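Following: one structure in structure tokens, then a few remarks.
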Amino acid sequence: KQEVTQIPAALSVPEGENLVLNCSFTDSAIYNLQWFRQDPGKGLTSLLLIQSSQREQTSGRLNASLDKSSGRSTLYIAASQPGDSATYLCAVRPGYSSASKIIFGSGTRLSIRP
Amino acid sequence: GAGVSQSPSNKVTEKGKDVELRCDPISGHTALYWYRQSLGQGLEFLIYFQGNSAPDKSGLPSDRFSAERTGGSVSTLTIQRTQQEDSAVYLCASTGVTLYNEQFFGPGTRLTVL
């Protein structure tokens, strides 16, 4: 059974710092991995999606990496800003199906101090 | 529309009443998913539609929960005889037939059962 874990549960850093959020999963047989952002009281916004054959994806100040063999993904945020404050969720689409449900981690609540 | 929409945005109901939650996926998206997010918890998969059929309804918590999708588009999630533990944010997502099968989420319906 696929399980997704995110550590830490909460993180607070001063503005301008680079930071890394961690995600681990128990079964390396994944179709893809997706990072989301959730603002309080809002839905989820997709940030980056990494296919199982890829090692990393970049979008602006965000870089996500994937190491399937070790069951790990990281989300790197460069030059953090107060507007980056949100909960970041990692989600794995297990197996070899392109349409199966995705399994979410419990998220990391990020706070950027001005 | 441009994104996934859900209605109502908020629903307050009394214990024992039935509620219907609606999801309008992105036009052309064939797969539709329902998730539930309880306070302070991660996202819990409920049911997945491919077209009008539901290949995976393993996450529905009890027989009080049901969902349907008509015309390969709009979906409704029905909760009968609501209980206080049903209080949560119900999120809908859709996926198109693309190489990446990225999930796009709606803003959610916040259900409160008094």
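Numbers restart at 1 for each chain; the letters A, B, ... are given by sequence-line order, proteins then strands. The shown structure was predicted, so the numbers you read here are calculated from the model rather than taken from an experiment.
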query = Distance-only, no hydrogens or angles: does the B/Ser75 side chain make a donor-acceptor pair with backbone N or O of B/Glu68 under 3.5 Å?
reply = yes

A/Pro94 versus A/Lys101, closest heavy-atom pair with distance = CD-O, 3.2 Å

query = Side chain, backbone, both or neither: which part of B/Gln37 has a heavy atom under 4.5 Å from chain A?
reply = side chain

ask   = Can you pull out the residues in residues 85-93 of chain B with any heavy atom less than 4.5 Å from chain A?
value = B/Leu91

request  = Below 4.5 Å from any heavy atom of chain B, which atoms of A/Gln38 appear? Answer side chain, backbone, both or neither.
outcome  = side chain

ask   = Does the side chain of A/Ser65 pick up a donor-acceptor pair with the side chain of A/Asn63 at under 3.5 Å?
value = no

request  = Output the residues of residues 55-65 of chain B for which the shortest heavy-atom distance to chain A is under 4.5 Å, in residue-number order; output 'none' if no such residue exists.
outcome  = B/Asp56, B/Ser58

Pairs of donor and acceptor atoms involving the side chains of residues 78-92 of chain A, under 3.5 Å and at least two apart or interchain, shall be tabulated with distances.
| from | atom 1 | to | atom 2 | distance (Å) |
| --- | --- | --- | --- | --- |
| A/Ser80 | OG | A/Gly16 | N | 3.4 |
| A/Ser80 | OG | A/Glu17 | N | 3.3 |
| A/Ser80 | OG | A/Glu17 | O | 2.8 |
| A/Asp84 | OD1 | A/Arg61 | NH2 | 2.8 |
| A/Asp84 | OD2 | A/Arg61 | NH1 | 3.0 |
| A/Asp84 | OD2 | A/Arg61 | NH2 | 3.3 |
| A/Asp84 | OD2 | A/Gln81 | N | 2.8 |
| A/Ser85 | OG | A/Pro82 | O | 3.0 |
| A/Ser85 | OG | A/Ile112 | N | 2.9 |
| A/Tyr88 | OH | A/Asp84 | O | 2.6 |

query = Short question: side chain of B/Arg69, backbone of B/Gly51 - any donor-acceptor pair under 3.5 Å?
reply = yes

message = Under a 3.5 Å cutoff, is there a donor and acceptor pairing between the side chains of A/Ser46 and A/Gln34?
response = yes

ask   = Which atom names give the shortest non-hydrogen contact between B/Gln103 and B/Tyr35, and what distance separates them?
value = OE1-OH, 3.2 Å

query = Do B/Asp18 side-chain atoms and B/Arg81 backbone N/O form a donor-acceptor pair below 3.5 Å?
reply = yes

Side-chain polar contacts of residues 106-114 of chain B - donor-acceptor pairs under 3.5 angstrom, sequence neighbours left out - could you list them?
| from | atom 1 | to | atom 2 | distance (Å) |
| --- | --- | --- | --- | --- |
| B/Thr109 | OG1 | B/Pro8 | O | 2.5 |

inquiry  = For the residue pair A/Glu56 / A/Tyr76, report whether a side-chain donor-acceptor contact shorter than 3.5 Å exists.
reply    = no

inquiry  = I'd like to know if the side chain of A/Gln6 and the backbone of A/Gly107 have a donor-acceptor N/O pair within less than 3.5 Å.
reply    = yes

key: Under 4.5 Å from a heavy atom of chain A, the part of B/Phe45 involved   = side chain

